[in-house]
Amino acid sequence: MTEFDGFRSDTRAWLEANCPAKMRKPIRSEADLCWGGRNWSFQSDAQQRWLEVMAERGWTGPDWPTDYGGGGLSAAEARVLKEEMQRIGARPPLTSFGISMLGPALLKFGTEEQKKHYLPKIARGQIRWCQGYSEPGAGSDLAGLQTKADDAGDHWLVNGQKVWTSYADKADWIFCLVRTSSKSKQGGISFLLFDMTTPGVSTKPILLISGSSPFCETFFDDVKVPKDQIVGEVNKGWDVAKYLLGHEREMIAGMGLGTSGSSVMLGPAARPADPSLRTEIAAFDVDALAFAAMSERFAAMWKAGEVHPASPSMMKYAGTELNKRRNQLAMAAGGSEALEWDSERSRNGATARSWLRSKGNSIEGGTSEIQLNIVAKHILGLPGA
Amino acid sequence: MTEFDGFRSDTRAWLEANCPAKMRKPIRSEADLCWGGRNWSFQSDAQQRWLEVMAERGWTGPDWPTDYGGGGLSAAEARVLKEEMQRIGARPPLTSFGISMLGPALLKFGTEEQKKHYLPKIARGQIRWCQGYSEPGAGSDLAGLQTKADDAGDHWLVNGQKVWTSYADKADWIFCLVRTSSKSKQGGISFLLFDMTTPGVSTKPILLISGSSPFCETFFDDVKVPKDQIVGEVNKGWDVAKYLLGHEREMIAGMGLGTSGSSVMLGPAARPADPSLRTEIAAFDVDALAFAAMSERFAAMWKAGEVHPASPSMMKYAGTELNKRRNQLAMAAGGSEALEWDSERSRNGATARSWLRSKGNSIEGGTSEIQLNIVAKHILGLPGA
Amino acid sequence: MSLLTDDQKMLKETAANFLAEEGSIAKQLRHWRDINCRDGFGHGLWKQFAELGLNGICIPESHGGMGLGAVEAALVLEEIGRNLTPSPFLGSAVVGASAIQGTKHADRWYPGILSGEAVLAFAVDEGPRHAPEQTALEARRQGNGFVLSGAKQFVVQGGSADMIVTAARTTGSPGERDGLTLFAVPKDAAGLAVDNLSMVDSSKAARLAFDNVALDADAVIGEVDNGWQPLQRALNAGGAGASAELVGVASGASTMTLDYLKQRKQFGKLIGEFQALQHRAAHLYAEIEIARAAAFKAAALLDSGDERAELFVSVAKAKAATAASLAVSEGVQMHGGIGMTDEHDIALFMKREAVLGELFGDVYYHRERVAQLSGY
Amino acid sequence: MSLLTDDQKMLKETAANFLAEEGSIAKQLRHWRDINCRDGFGHGLWKQFAELGLNGICIPESHGGMGLGAVEAALVLEEIGRNLTPSPFLGSAVVGASAIQGTKHADRWYPGILSGEAVLAFAVDEGPRHAPEQTALEARRQGNGFVLSGAKQFVVQGGSADMIVTAARTTGSPGERDGLTLFAVPKDAAGLAVDNLSMVDSSKAARLAFDNVALDADAVIGEVDNGWQPLQRALNAGGAGASAELVGVASGASTMTLDYLKQRKQFGKLIGEFQALQHRAAHLYAEIEIARAAAFKAAALLDSGDERAELFVSVAKAKAATAASLAVSEGVQMHGGIGMTDEHDIALFMKREAVLGELFGDVYYHRERVAQLSGY
């Protein structure tokens with residue numbers, strides 16, 4: 001029994017009363033997610049109702065202040081809410097880069113006007129955001145970005161190109177890193193917000209090797225951005241970006257990428273015919289189960305504030321490499337069937353598409369090499385890293 | 001039938017008549033080798049006779065000019081001699097750093113006097129040599145050596161310390177890299193020869209983790225070395241050293257380190273009880289047999305002059321890493337018995353000692369990291385390597 | 001084999017020049033893929049192969065071929081791999097030709113192979129993983145001939161083939177080597193249903209359903225019930241060939257990656273200056289060189305009829321697949337985001353490696369075979 | 001278990017300080033090794049363990065112990081591993097105490113363990129590789145007691161032990177889990193020959209020969225023929241403990257290596273500046289962190305009696321051995337030549353890892369067990 005038991009029972013009762021039955025079913029695919037935004041078509045009435053009641057209560061941003069459309073919950077209460085939602089298998093009412101990435105950055109770096117303006121809309125799922133970070137010439141070396149924002153008096157004039165903008169073709173607004181000074185590499189970057197319908201913005205989906213196109217190239221041609229749409233100070237956008245990236249990596253780490261509670265990759269009935277493959281799977285399972293233990297430990301230490309700030313890099317590295325290995329083994333276990341790209345039997349090449357997609361895990365969100373650099377420098381204290 | 005068939009049949013007949021039966025038995029241990037030198041005690045009359053008849057014919061240095069005590073054979077004839085010796089299982093009459101390392105360097109860089117003076121003695125096994133290269137502060141960075149040779153008019157005055165001098169405690173003479181100028185790193189090194197009984201030379205065996213002591217620390221305290229005992233020009237010893245090192249690496253590569261014709265690590269009868277170990281051994285055998293194929297190919301290409309000059313680095317890297325893995329698996333297969341350090345059953349820890357010894361393979365003769373650097377730079381042409 | 005004869009060097013050069021020019025990714029793989037071609041390869045190129053005499057490498061001179069062997073086939077296949085050239089060469093001119101070698105089917109099919117008119121396929125796998133002993137497709141006697149019932153899968157170019165060499169069981173049970181028989185099944189055999197599938201690398205492989213397919217006794221290749229040996233011969237030729245092609249895939253991916261390391265800048269440096277990448281590139285170089293040595297050793301032992309040939313085919317296939325898998329993984333990773341896009345070629349090597357790695361048995365299959373052939 | 005309670009933190013700190021000071025390589029491992037001590041450990045230190053209360057961690061409070069569990073034992077063992085401290089802690093206070101738990105032998109031996117006077121050993125292996133089901137040492141009934149014949153090996157501290165917990169077969173055949181019985185064999189039992197051997201890490205382990213060793217019925221630990229369960233309990237305690245000690249060995253080796261990377265210069269740079277070494281060090285760091293998580297998870301599941309405990313003991317042992325093996329290999333390699341000398345400590349970690357990695361089953365044994373427990 002803890003001091004939160006009252007909150008827990010209230011929450012449980014409220015969820016029981018308000019979470020539609022359809023929204024308690026497992027998410028089967030991307031299509032079951034609710035992204036919100038001005039062009040959003042709800043998949044079902046239940047999906048719409050679930051977002052509305054949760055947003056009404058501020059529980060799409062549970063620990064955001066109520067003034068900004070949040071729930072005003074303490075960290076402990078937010079955890080109880082999460083646990084109670086998990087208990088009944090409730091789907092997240094909203095999947096949103098606004099909630100998970102931009103929101104925390106606005107809370108920390110935004111002006112009062114910005115918080116009042118953007119956060120409630122984000123919490124209600126009214127703006128779908130995309131992230132304008134990477135550029136063709138600036139991948140791992142993110143701070144080497146070249147997209148320019150020139151000071152044109154009452155507005156910024158933005159010119160340049162971004163790449164790897166997730167769902168840029170579906171997003172309403174973008175949060176975007178731009179170069180406002182060439183005097184300093186990291187000290188010449190600013191953090192802008194603008195509407196994707198602003199004249200001069202165009203997007204082009206990128207066809208990936210897995211056959212899907214979740215990312216875009218995004219082009220800015222004399223895009224006018226009002227002066228008040230900067231977050232933080234001019235030329236201090238790198239601080240905002242780093243904060244947001246750290247948050248992103250925490251999320252990835254917290255997701256325990258590549259693990260599930262039970263990590264055995266084949267059903268118990270399916271003893272692989274090849275002894276060599278079987279022992280390779282066993283070797284993988286050792287690593288996967290050990291990493292599952294690490295994910296638990298990491299989550300607990302994270303909550304207790306006992307992790308090194310660079311630890312998410314270690315988790316990101318280990319988890320993504322493991323997930324690649326899992327997919328590689330799934331391909332081996334699937335044999336020639338897994339190689340079929342468009343047969344029914346292979347569920348349209350599901351194993352192969354997942355395998356190809358997994359190759360990006362160790363690139364996106366900072367490559368494995370970048371994570372290793374960070375661990376070497378910030379955790380191990382190796383010189384000149 | 002080739003033009004060498006006459007030479008082959010003559011050689012075969014001569015070997016048949018002159019190689020003692022005892023010298024056709026496999027070498028069981030280090031103790032069966034003949035190192036020569038002024039303090040050498042022959043293991044048997046056969047060992048002594050075999051060295052004498054071979055040296056008499058110049059066949060301890062088959063392709064050296066006859067003027068310097070060699071056999072004057074062409075490369076092709078030398079190969080025939082080697083093949084015919086292998087055919088009857090003849091032991092090498094002499095194991096000598098003088099033959100394998102110093103000799104070729106003297107032939108290339110020595111003065112006529114030096115060749116006349118040293119080479120015949122080397123060929124007859126009268127001088128046992130050791131190599132003074134590494135220093136405590138200069139391992140991988142060999143050219144960073146600090147042992148000084150000051151010009152003292154009619155002699156060099158040598159002060160400093162070497163490490164990893166093989167058998168320095170048993171050697172008669174040393175070939176030694178010294179610093180004769182501090183103005184340039186590689187351009188301030190000279191190559192000296194001197195007697196290990198010169199006043200001021202002392203040695204101290206290094207106890208290795210495997211329990212043996214084949215290497216020494218070697219100290220020079222005001223050692224006087226006559227001026228004519230320099231090979232090559234003053235401050236140009238690095239060229240001599242590099243030539244000699246290349247020769248050493250070729251030898252290691254040519255030895256096909258870590259491979260034997262049949263590379264299966266357990267006898268065919270001994271199917272490992274653990275399926276996981278069995279498949280790990282199979283994975284190793286794939287790599288070992290593939291490397292055996294590589295060694296054959298390398299040797300053939302070497303003879304044909306078709307290898308890249310930096311290829312021995314690749315062979316050294318791959319061969320030594322493989323040999324370490326072989327030893328690691330031998331330990332696993334041997335289980336707790338292989339861990340016994342001094343039991344009869346474990347042949348006095350033979351497996352463990354070999355395993356520990358193998359750890360040095362990827363350090364001596366240039367670390368694996370150095371070999372990879374060389375491959376990256378000289379074969380792959382990667383920048384700034 | 002360690003060094004090439006002058007004839008072999010010339011052959012290699014011919015193949016290398018021809019494939020770099022005519023067999024390039026843009027002209028062949030992407031072209032046929034993007035127009036969604038039924039065959040996944042170009043018949044025109046196949047005829048050019050024929051004109052260069054490449055199709056006859058493994059066909060005896062008595063039949064108008066070059067009477068060469070696995071080593072020469074490997075030289076061509078390495079270039080095919082390097083350029084990811086889709087072609088019936090491995091399936092028809094190497095495996096198919098090997099399967100019917102010394103039988104009357106050779107008279108029937110060699111001319112078509114030599115002219116680049118005919119395509120042959122090879123049907124052995126029945127489950128998702130290679131296991132030839134497990135062949136279950138039933139061939140029961142009926143009158144003077146046989147009736148085949150069952151299914152095959154991963155039949156490379158099975159939808160394009162004029163004839164499919166099919167392993168079937170005439171007696172015994174799955175798991176036994178005795179009782180297998182090879183059949184020459186024409187593409188239009190009644191009762192044969194062909195499901196032509198695109199694979200991950202845009203090559204085509206078929207699932208075949210045999211619904212009481214009646215064949216004459218003439219359709220038997222070699223001896224009834226003694227198909228294991230010719231099956232092995234074909235599979236070894238295929239394994240050695242796929243190994244060489246994998247070495248080519250690895251080399252091609254590695255070359256492309258090294259070029260990128262020398263061009264791409266991050267943090268003000270060429271990424272090829274970063275020592276961590278240098279060491280990985282150098283290690284990969286060693287792996288590819290060793291895999292090449294293994295592949296050519298296997299081919300040479302096949303050509304000389306050495307008893308260790310089978311062992312070395314497995315060594316070569318396992319090693320080449322491992323090296324190629326490393327090459328393509330490192331290739332995609334070192335290319336970063338651009339390597340994940342369909343626009344860039346590097347991932348095409350990864351896709352091809354996956355299919356070739358599986359063909360005729362994957363690394364796990366061949367490790368197991370090495371253990372068994374080594375007696376443990 | 002993911003985070004420590006305040007009591008656990010205090011215990012860890014106590015053990016860490018004590019072992020860094022009194023259990024150091026110079027004071028213990030090298031000292032006993034260099035004087036060629038019969039036991040390979042110091043009885044004085046064992047009594048200091050007792051004075052600190054560490055010996056009672058796994059002994060119930062009702063018997064005067066601390067009544068704690070595998071997690072607390074793991075905290076101590078990690079520090080033992082980090083300092084390579086030779087000690088009877090794992091064999092006596094963890095495995096031995098666990099084997100006799102809940103039996104009358106606990107009354108007899110717990111006081112001696114608690115005071116640091118008694119040493120227990122555990123004899124299960126009979127061949128060079130761990131295979132408890134294969135126990136063949138025969139215990140046949142005679143009168144009211146048993147007569148033991150056979151042999152054991154890798155009995156850690158068997159030459160120093162006052163009592164040896166011995167797994168024997170009372171019925172059934174090697175390979176069966178039923179029919180095993182544990183016996184408490186006193187060191188001076190007639191017919192027991194002890195060959196006290198030095199291991200590669202200078203620890204001692206014995207080969208035991210049982211030549212008709214007659215024991216009273218009292219010597220039975222637990223139930224006749226039902227020894228598999230207590231045997232498993234002891235082996236799981238040992239496996240989890242050895243995992244934690246391996247994590248300590250890995251950490252100790254890694255710390256020493258990182259220090260060296262920050263001191264040693266070559267080519268005018270600290271070798272820790274070379275990116276290839278940085279990446280390897282960072283990878284190793286991840287492996288050790290993950291191994292630690294696995295080791296403590298296994299211990300926590302043992303303490304809570306979770307049904308997945310056995311699975312996680314195998315996961316932990318396999319992962320910890322792999323991580324520690326990497327740590328010591330990288331340690332020796334990155335130290336270069338000096339790491340090959342007996343004078344330097346780094347290779348002592350490599351030697352210890354080899355013995356601990358083998359103890360209670362090596363990585364291959366435990367991978368296999370993971371496969372079996374996962375049902376494939």
Side-chain angles (χ1 to χ4, degrees), chain A residues 261-272 275 278-304 306 308 310-311 313-319 321-322 368-369 371-385, chain D residues 1-4 243 254-255 257-259 261-263 269-275 277-298 300-301 308 311-312 314-323 363-364 366-376:
Chain A
S262 148
S263 73
V264 178
M265 69 171 296
L266 304 172
R271 184 184 164 111
R278 173 174 172 273
T279 60
E280 195 92 351
I281 291 171
F284 169 79
D285 277 353
V286 165
D287 285 338
L289 288 164
F291 186 72
M294 180 75 236
S295 296
E296 272 179 46
R297 184 177 166 93
F298 180 81
M301 290 174 75
W302 185 268
K303 281 183 194 160
E306 291 183 6
H308 189 286
S311 285
S313 286
M314 183 275 278
M315 294 296 292
K316 202 266 174 186
Y317 164 71
E321 293 296 331
L322 198 62
S368 282
E369 290 77 11
Q371 310 304 338
L372 291 172
N373 284 345
I374 291 172
V375 170
K377 179 171 183 179
H378 295 290
I379 300 184
L380 305 182
L382 288 172
Chain D
M1 207 277 332
S2 293
L3 292 170
L4 302 180
S243 302
S254 160
T255 300
T257 305
L258 288 168
D259 287 349
L261 293 180
K262 294 172 191 173
Q263 285 164 22
K269 287 163 81 171
L270 291 169
I271 60 174
E273 292 181 59
F274 288 99
Q275 197 197 31
L277 299 194
Q278 290 183 344
H279 279 201
R280 281 158 54 185
H283 171 73
L284 174 60
Y285 168 78
E287 288 293 287
I288 297 174
E289 288 298 300
I290 294 168
R292 181 178 290 112
F296 278 91
K297 171 95 179 172
L301 293 176
R308 290 176 310 150
L311 173 65
F312 266 88
S314 280
V315 166
K317 186 75 201 314
K319 184 72 191 180
T322 307
V363 60
Y364 303 107
H366 285 288
R367 278 185 194 161
E368 177 62 23
R369 200 154 162 256
V370 165
Q372 283 177 6
L373 290 170
S374 303
Y376 62 90

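Hydrogens, waters and symmetry mates are skipped; everything else that's a heavy atom, side chains included, is used. Chain letters run A, B, ... following the sequence lines, proteins first and then strands; every chain starts at 1.
Contact tally against chain A (heavy-atom pairs below 4.5 Å) for D:Q275, D:R280, D:R292, D:H283: the top residue is D:H283. Per-residue heavy-atom pair counts under 4.5 Å with chain A were compared for D:K269, D:H366, D:H279, and the maximum is reached by D:H279. The greatest number of non-hydrogen atom pairs below 4.5 Å with chain A, out of D:V363, D:L261, D:I290, D:L258, is found for D:I290.
One distance of note links CG of D:L284 with CG of A:L380; it measures 8.5 Å at 0.5 Å rounding. With values rounded to the nearest 0.5 angstrom, A:D285 atom CG is found 8.5 Å from D:L311 atom CG. With rounding to the nearest 0.5 angstrom, the OH atom of D:Y285 is 4.0 Å from the CD1 atom of A:I379.
Nearest heavy-atom pair across A:V286 and D:A318 is CG1-CB, 3.8 Å. Nearest heavy-atom pair, A:A282 versus D:V370, reported as atom, atom and distance to 0.1 Å: O-CG1, 4.4 Å. Shown here for D:A294 and A:A290, the closest heavy-atom pair between the two residues is CB-CB, 3.8 Å. The minimum heavy-atom distance linking D:K319 with A:D287 is given by the pair NZ-OD1, 2.8 Å. Closest non-hydrogen pair, D:K262 versus A:G381, comes out as CE-O, 3.4 Å.
The side-chain heavy atoms of A:L382 and D:E273, taken from C-beta on, include no pair separated by under 4.5 Å.
Of the two parts of A:E306, only the side chain, counted from C-beta on, holds a non-hydrogen atom closer than 4.5 Å to a non-hydrogen atom of chain D. Only the side chain of D:L270 has a heavy atom closer than 4.5 Å to any heavy atom of chain A. With a threshold of 4.5 angstrom between heavy atoms, D:E289 approaches chain A through its backbone and through its side chain.
For D:E368 and A:R278, the salt-bridge test passes: some basic side-chain N is under 4.0 Å from an acidic carboxylate O.
A donor-acceptor contact shorter than 3.5 Å links the side chain of D:Q278 to the backbone of A:P383.
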